[in-house]
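Heads up, the thing below is written out as structure tokens.
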Amino acid sequence: MRFLFIFASGTIYIAAIVWPSVALVWTSIGQGVAPRDGFLFSYGQLALLGRTFLLAFAAAVICIPLSIAAGVLACSRRRSPLSVAILAAGLMCPPMVYSFGWLRFFPPGVAPEIRCVAGWVLWAWPVAAIVIAAGWARAGKEPYQAATLSTSPLSAFIRVGLPALRPYIFLAAMLMFVLFFGDYGMPHAFGLQVYATELLAWASESNNTIDVLWPALLPVGITAIVLVAILVAIRRCASHESEQVAEIEGRPGWRVVV
């Protein structure tokens with residue numbers, strides 16, 4: 001089964017990522033032309049990329065506190081298949097579907113940036129909550145319960161629970177950033193111009209693949225860096241549980257029962 005899983009995952013990765021990327025590069029080389037504005041990035045492109053980065057970063061940061069509260073609360077109560085199914089069902093629709101509903105919810109005077117960030121957070125928080133809940137159940141719950149024997153629940157959560165969740169919080173934030181940074185639907189629904197919007201415009205204005213491939217390297221590069229950080233965070237999560245228990249056991253006056 002492990003071989004089949006790796007084989008299926010590798011096949012999907014090659015079909016969805018590797019082959020289209022190779023085809024784009026090969027087509028650009030075959031056309032033998034340079035980008036319309038040369039092999040440079042304009043100030044407008046960099047400014048738009050920075051704006052997109054800040055929007056995605058703000059949404060990822062705001063999403064984390066809500067996800068921490070929901071994830072920890074979900075692990076402290078009895079979970080039912082129905083509640084998990086309801087959370088999963090909310091993620092089945094693309095974010096643009098929700099944005100049309102939020103258009104009537106937000107007052108007209110609210111800035112489109114605020115609407116976009118709020119729409120992202122209200123749509124994607126279950127993804128981060130699932131990651132944080134898994135971290136709480138694996139690495140945070142037992143040290144926290146042991147710490148409550150010596151201090152108050154709030155102090156135990158701040159001093160023990162949150163440190164145990166650090167790699168999982170970082171992982172959830174990076175996942176949220178990737179989702180928001182490459183999204184086109186939610187900003188478009190609120191009338192915002194982001195980098196993905198301009199890529200679509202450049203693709204419709206030019207028949208040369210390089211005119212879209214070259215500016216797309218900027219967000220692809222940022223996404224690749226974040227994906228590397230996600231892989232590092234996943235490895236860190238796998239080894240954090242034992243390190244956290246050893247750290248708490250070494251503190252004077254603290255006793256951990258596992």
Side-chain angles (χ1 to χ4, degrees), residues 16-17 41-71 74 86-133 168-205 212-230 233:
I17 304 297
F41 300 108
S42 66
Y43 174 80
Q45 290 174 334
L46 296 177
L48 188 60
L49 183 70
R51 181 187 185 188
T52 306
F53 182 94
L54 291 177
L55 283 173
F57 180 79
V61 171
I62 295 173
C63 189
I64 292 303
L66 177 62
S67 302
I68 292 175
I86 291 175
L87 284 178
L91 298 170
M92 297 301 292
C93 294
M96 183 179 284
V97 174
Y98 292 95
S99 64
F100 294 127
W102 293 121
L103 279 172
R104 297 183 176 273
F105 177 80
F106 294 115
V110 178
E113 291 82 3
I114 297 177
R115 296 186 183 189
C116 180
V117 170
W120 271 336
V121 171
L122 294 172
W123 167 69
W125 69 265
V127 178
I130 291 172
V131 175
I132 293 174
Y168 298 92
I169 292 174
F170 179 78
L171 174 60
M174 292 297 100
L175 288 173
M176 294 299 95
F177 178 83
V178 170
L179 283 177
F180 302 148
F181 186 67
D183 180 41
Y184 158 80
M186 189 75 74
H188 178 71
F190 290 115
L192 280 177
Q193 218 175 18
V194 293
Y195 205 84
T197 311
E198 286 302 296
L199 282 177
L200 290 175
W202 295 329
S204 62
E205 293 173 359
V212 182
L213 180 61
W214 176 251
L217 293 180
L218 282 175
V220 168
I222 294 177
T223 303
I225 294 173
V226 176
L227 290 177
V228 172
I230 289 174

Exercise. Quick check: are there more than 12 heavy atoms from other residues, nucleotides or ligands sitting under 6.0 Å from CZ of F41?
Worked result: yes
Side-chain heavy-atom pair [X], [Y] within 4.5 angstrom cut-off:
{"X": "F181", "Y": "L49", "value": "yes"}
{"X": "F180", "Y": "P187", "value": "no"}
{"X": "Q45", "Y": "Y195", "value": "yes"}

Specify the closest pair of heavy atoms between [X] and [Y], including all atoms of both residues, with the distance to one decimal.
{"X": "Y168", "Y": "I132", "value": "O-CG1, 4.4 Å"}
{"X": "C63", "Y": "M176", "value": "SG-SD, 4.0 Å"}
{"X": "R115", "Y": "G109", "value": "NH2-N, 4.3 Å"}
{"X": "L48", "Y": "V194", "value": "CD2-O, 3.6 Å"}
{"X": "G185", "Y": "D183", "value": "N-OD1, 3.2 Å"}
{"X": "S67", "Y": "W125", "value": "OG-O, 3.3 Å"}

Exercise. Is the ring centre of F177 less than 6.0 Å from the ring centre of F53?
Worked result: yes
For this session: Using atom types as modelled and distance alone, determine if a side-chain donor or acceptor of T197 lies under 3.5 Å from a backbone N or O of Q193.
Result: no
Kindly compute the distance separating [atom1] ([X]) from [atom2] ([Y]), expressed to the nearest 0.5 Å.
{"X": "I230", "Y": "I225", "atom1": "CD1", "atom2": "CD1", "value": "12.5 Å"}
{"X": "M186", "Y": "L55", "atom1": "CE", "atom2": "CG", "value": "12.0 Å"}
{"X": "T223", "Y": "L218", "atom1": "OG1", "atom2": "CG", "value": "10.5 Å"}

For this session: Applying side-chain contact (heavy atoms from CB on, under 4.5 Å), run through R51 and L192 and close with a yes or a no.
Result: CA-CA 10 Å; R51 181 187 185 188; L192 280 177; 3.1 Å; yes
For this session: Could you point out which residue of I62, I68, L66 forms a side chain to side chain contact (heavy atoms under 4.5 Å, CB included) with I64?
Result: I68
